[in-house]
Protein chains: 2
Amino acid sequence: MPRAGLSPDAVVDVALDLVDEGGAGALTLAAVAGRAGVATPSLYKHVRNLTELRALVSIRIMDEISDRAGEAVLGRSGDDALRALMKAYRSYVVDHPGRYSAMMQEADPGVVESGRRRIEAGQRLVDIMLAALRAYGLEGGEAIHAARSLRSAAHGFAVLEAAGGFGLPEKLDESYELLIHMVISGLRTPR
Amino acid sequence: MPRAGLSPDAVVDVALDLVDEGGAGALTLAAVAGRAGVATPSLYKHVRNLTELRALVSIRIMDEISDRAGEAVLGRSGDDALRALMKAYRSYVVDHPGRYSAMMQEADPGVVESGRRRIEAGQRLVDIMLAALRAYGLEGGEAIHAARSLRSAAHGFAVLEAAGGFGLPEKLDESYELLIHMVISGLRTPR
DNA sequence: GCTGAAAAGCTAATGGAGTTAGCCGACCTC
DNA sequence: GAGGTCGGCTAACTCCATTAGCTTTTCAGC
């Protein structure tokens with residue numbers, strides 16, 4: 001009986017495939033094991049339990065989003081950077097709606113633990129947002145408020161789109177353009 | 001053996017209590033039955049299955065949010081109405097974070113059905129938003145884009161807050177004020 | 001190359017959740 | 001008061017996560 005050659009990363013790879021195909025609900029240990037060609041209990045050699053696997057999946061997804069966002073922002077600043085960041089964010093959801101919904105469900109309050117690595121992954125995205133906001137010259141706390149608002153806008157649209165919460169799929173680009181415009185003009189307009 | 005006097009509505013009442021106390025993950029048929037003083041299979045006399053119960057819970061929650069939003073908008077218009085609407089929306093999440101997260105998880109793509117009633121509940125909130133936007137004199141499609149953006153902003157902030165996605169709980173009010181400002185100034189500023 | 005320990009797999013077994021089938025008593029209507 | 005419907009129950013099944021304990025592969029070091 002040759003070994004399957006699994007690893008924590010390989011298990012997450014399989015989990016991502018499942019989530020791509022069937023949404024967050026399709027992620028079960030039994031399904032992962034089946035696809036990996038292994039008996040279910042074998043997964044416990046690589047992952048502590050289902051909760052940890054979900055956390056690892058979320059971390060991977062957040063990292064992927066941060067990668068896209070970071071790349072989009074490179075070489076840009078101001079409105080241009082912000083617009084590119086938000087578009088990159090949404091593009092991830094359009095490409096991988098199942099993954100985005102899987103990242104959601106994990107963020108259930110009550111599952112507060114999940115470790116440092118998870119917080120780091122979120123922080124990285126926040127840092128990218130703060131960098132994109134740098135050109136606006138926000139003072140201390142104002143930058144935090146701006147990053148939170150930016151995140152809320154991008155995330156809110158993403159959740160609704162990933163869940164099919166908008167009626168017609170058409171014209172979603174235009175709706176998103178307005179949302180981007182709101183963020184930018186809100187930063188440009190004094191309160 | 002006297003009857004428990006259950007009904008679909010009563011089952012949803014119990015489900016909401018569980019969700020208030022333990023988040024979305026606490027909603028199981030076994031828990032509902034236990035709290036209602038009934039054996040688990042008895043619930044199937046009132047509800048088709050767990051999926052339907054989740055849908056009913058989501059509908060109830062959306063209705064509650066719409067009630068608050070509708071009341072907040074009464075007698076107001078323009079920026080005043082928009083601000084009141086967004087604040088009312090967030091106040092629901094602050095009061096019932098568990099309920100809000102329960103509404104989320106149900107919106108998994110793949111569970112597309114859930115029936116007409118669910119769509120109606122969402123439409124009602126959209127109508128309230130459209131009414132609040134009336135004073136801005138938006139033409140046709142523009143109103144839809146505005147409502148979507150408004151919804152994305154409020155929903156995104158709500159999700160993050162309900163999931164504990166923001167670091168410090170302090171100053172969240174200020175962050176939300178900025179988000180409201182973005183929405184309003186985005187509507188006031190020509191593109 | 002041999003040996004032995006660690007890593008990675010397996011089977012068996014447990015417990016909890018959802019769901020179905022089929023039974024029976026309570027309640028209401030006539 | 002009789003009969004039917006409705007709401008509850010128990011028993012049984014499936015699927016899933018998880019644990020325990022065993023076996024086999026792999027590989028480092030002699």
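Sequence lines set the chain letters: A, B, ... in the order given, protein chains first and strands last, and positions in each chain run from 1.
- Here the two rings, on B:Tyr92 and B:Tyr100, have centers that are 6.0 Å apart or farther.
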Output, in order, the C-alpha distance, side-chain angles, deciding distance and verdict of salt bridge (Lys or Arg N to Asp or Glu O under 4.0 Å) for A:Asp173 and A:Arg90.
CA-CA 10 Å; A:Asp173 288 359; A:Arg90 177 172 174 236; 2.8 Å; yes
A:Arg99 and A:Glu64: CA distance, side-chain angles, deciding distance, salt bridge (Lys or Arg N to Asp or Glu O under 4.0 Å) verdict
CA-CA 10 Å; A:Arg99 293 190 189 194; A:Glu64 288 180 349; 3.0 Å; yes
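- Straight-line distance from the CD atom of A:Glu52 to the P atom of D:dT18: 11 Å, rounded to whole Å.
- When rounded to the nearest whole Å, the span between OH of B:Tyr44 and P of C:dC23 equals 20 Å.
- In this structure, CG of B:Asn49 is placed 16 Å from C1' of D:dC15, rounded to the nearest angstrom.
- Note: CG (A:Leu18) to P (D:dC16) measures 12 Å, nearest angstrom.
- A close approach under 4.0 Å does not occur between any side-chain nitrogen or oxygen of A:Ser42 and OP1 or OP2 of C:dA8.
- Taking atom CG of B:Leu29 as the reference point, atom P of C:dT19 lies 6 Å away to the nearest angstrom.
- Listed pair B:Thr28 / C:dA17 fails the phosphate criterion, with no side-chain N or O lying under 4.0 Å from OP1 or OP2.
- Computed from coordinates, the A:Lys45 NZ to D:dT25 C1' distance equals 12 Å when rounded to whole Å.
- Backbone-only engagement by A:Ala30 is indicated by non-hydrogen atom pairs under 4.0 Å involving sugar-phosphate atoms exclusively.
- In this structure, B:Ser175 contributes its side chain and A:His145 its backbone to no donor-acceptor pair below 3.5 Å.
- Spacing between atom CG of B:Leu43 and atom P of C:dG18 amounts to 9 Å, rounded to whole angstrom units.
- Atom-to-atom, CG of B:Leu6 to C1' of C:dA26 comes out at 15 Å; the value is rounded to the nearest Å.
- The shortest distance between the side-chain N/O atoms of A:His46 and the OP1/OP2 oxygens of C:dA7 is not below 4.0 Å.
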